[in-house]
There are 2 protein chains.
Amino acid sequence: MTKRTERRADALSKEKIVAAAILLLDAEGEGGLTFRALASRLATGSGAIYWHVADKGELLAAATDHVVTRAMSAIEAGGADPRDAIRTIALGMFDTIDAHPWVGAQFSRAPWQPAMLRVFEAIGARLWQLGVPEGARFNAWSTLVTYIFGAAGQNAANARLQAPGTDRSAALADIAGGWSRLDAAEYPFLRQVAPQLAAHDDRDQFLAGVDLILAGIGTVL
Amino acid sequence: MTKRTERRADALSKEKIVAAAILLLDAEGEGGLTFRALASRLATGSGAIYWHVADKGELLAAATDHVVTRAMSAIEAGGADPRDAIRTIALGMFDTIDAHPWVGAQFSRAPWQPAMLRVFEAIGARLWQLGVPEGARFNAWSTLVTYIFGAAGQNAANARLQAPGTDRSAALADIAGGWSRLDAAEYPFLRQVAPQLAAHDDRDQFLAGVDLILAGIGTVL
DNA sequence: ACCTGAACACCGTTCAAGT
DNA sequence: ACCTGAACACCGTTCAAGT
């Protein structure tokens, strides 16, 4: 009965534009999202998009919010032990940003988005549940959230840097090879960890960081 | 005697181009660095820059390397206790990226740069000195480095987001105000920390995160 | 060897004109 | 109300032509 239901089925809408933008971003990366490319996929003119969306920033923000919302609703961390719940949420964000690397660059441009607030609350609630005292709660929460999104963002940046064909272990072997050939007097540490760099798994390393922060939080309980 | 010493004093060079780029980046932000603007500052044509520099990516990488190198050589963390040395290095990076926000976005695009290696080594060496056992060393190091650059980068992104005139505490008050008005059933944690968000100092919060990770590392010593 | 600056192939965004 | 697509004001990068 409303105007909205009377619209043609193929009419443009912000939802359709955002859905097409996500497809484009996933397929071709951040550089692939162009108003011209988007308009051509939607079989319309570039100006039509501006009727529904203020600018490219709003489009990227809406796409990020959509992806993070979908990811959060798929994460099952309900009855678990608070530490396990934090690990589950953290890994969920890591995997989401790994699958959509453009999300990693975007979220630091709009950290106040609704979906982000849900992640923030989920982490904070578990810290509360864990019994972190009032005085330590805010810093414990911000350290975790900063680490989770910082690490996931850096992982996504690595993925974006890499040539599409090559795999991660070859790239790591390259960097580790460089480290092992550094000057022994100036870079003893990097030379020593080079083999571990070559062999490590990014996801395990990320989780080890979450565990280390949880161990630090354990000292103030 | 060499060709190099015979060159005119006002001749272009990569060093001069990088120095001008840093001035431009600091004055007008990442969007202000344009080959046209740079060429006009250097009183030359945009094509001349390409004789000394491959592309914009190399220019940003060189500018970042210059700034981080300068910062690292100013940091005095020599004889200090390893934990204090790590805090000093971390704060030095935080302040550097705070003063040059474009560095925060750049470093994740080129983490293998010489200056970055020096930071990596400096952190790693202190962990070694601290006696972190072999099996925990790599993860402890990567957690610290990831947190330091992730947090500093997010801080810089916040700075870039803000309108040039407004100050940080007004922006925080705004966000905190929003959080305190969230639905009480869905967002109890964010409502509860809103006052702390409004009152906190970014630099102190950053350092509290470093300390929390150091506390976590303490549990594996 | 190094510099000049017009030209090329793109962008995001606007806007008069249409339906 | 919504859509079209040309036009505007930019980009990074290239390259023939100069010195």
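Being a predicted model, the structure only gives us computed values, none of them experimental. Throughout, a chain's letter reflects where its sequence line sits, starting with A, and its residues are numbered from 1.
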### Task
Answer yes or no: is there a side-chain heavy-atom contact under 4.5 Å between A/S142 and B/H200?
no
### Task
Let me know the distance between CD of A/E58 and P of C/dT13, rounded to the nearest Å.
11 Å
### Task
Sort by first number and list every stem of DNA chain C: at least 3 consecutive Watson-Crick or G-U wobble pairs, both distances under 3.5 Å.
C:4-8 with D:12-16, C:12-16 with D:4-8
#### Entry: Short side-chain N/O contact from B/H52 to OP1 or OP2 of C/dC3, under 4.0 Å
yes
### Task
Round to a whole Å and report the spacing from CG of B/L24 to C1' of D/dG12.
15 Å
### Within-4.5 Å side-chain heavy-atom neighbours: A/L117 and B/W179
yes
### Task
Report yes if the side chains of A/K14 and A/E58 come closer than 4.5 Å at any heavy-atom pair, otherwise no.
yes
### Query
Whole Å only: how far is the CG atom of A/L42 from the C1' atom of D/dC2?
15 Å
### Query
Between the side chain of A/Q113 and the main-chain N/O of A/F107, is any donor-acceptor distance below 3.5 Å?
no
### Task
Pull out every residue in residues 26-35 of chain A that has a heavy atom closer than 4.0 Å to any atom of DNA chain C, ordered by number, or say none.
A/L33, A/T34, A/F35
### Query
When the nearest nucleotide of DNA chain C is assigned to A/G47 and to A/R36 on a heavy-atom basis, which residue is associated with the more 5' position?
A/R36
#### Entry: Spacing of A/L38 atom CG relative to D/dG5 atom P, expressed in whole Å
15 Å
### Criterion salt bridge (charged side-chain N to carboxylate O under 4.0 Å, His left out) on A/D211 and A/R87, from CA distance to verdict
CA-CA 8 Å; A/D211 282 337; A/R87 288 186 190 101; 2.5 Å; yes
### Query
Could you state the CG-P distance from A/L12 to D/dC2, rounded to the nearest angstrom?
10 Å
### Task
Kindly indicate whether the side chain of B/W102, heavy atoms from C-beta on, has any atom under 4.5 Å from the side chain of B/T64.
yes
### Task
With the side chain of A/W51 defined as its heavy atoms from C-beta on, choose the nearest nucleotide among C/dC3, D/dT14, D/dA1.
D/dA1
### Query
In terms of ring plane angle, is the pair B/F120 and B/W141 parallel, tilted or perpendicular, where the classes change at 30° and 60°?
perpendicular
### Query
Of the nucleotides D/dT14, D/dC3, C/dT13, which has the atom closest to the A/A11 side chain?
D/dC3
### Message
Checking the side chain of A/K56 only, and the main-chain atoms of A/L33 only, is there a donor and an acceptor separated by less than 3.5 Å?
### Response
yes
### For atom CD1 of A/I49 and atom C1' of C/dC15, their distance in whole Å
16 Å
### Check: B/Q154 side chain, A/T146 main-chain N or O, donor-acceptor pair, under 3.5 Å
yes
### Query
Can you check the B/K14 NZ to C/dC2 P distance for me, whole Å?
14 Å
### Task
State which of D/dG12, C/dT14, C/dG5 makes the closest approach to the side chain of B/K56.
D/dG12
### Query
Nearest-Å distance, CG (A/D55) to P (C/dT14)?
8 Å
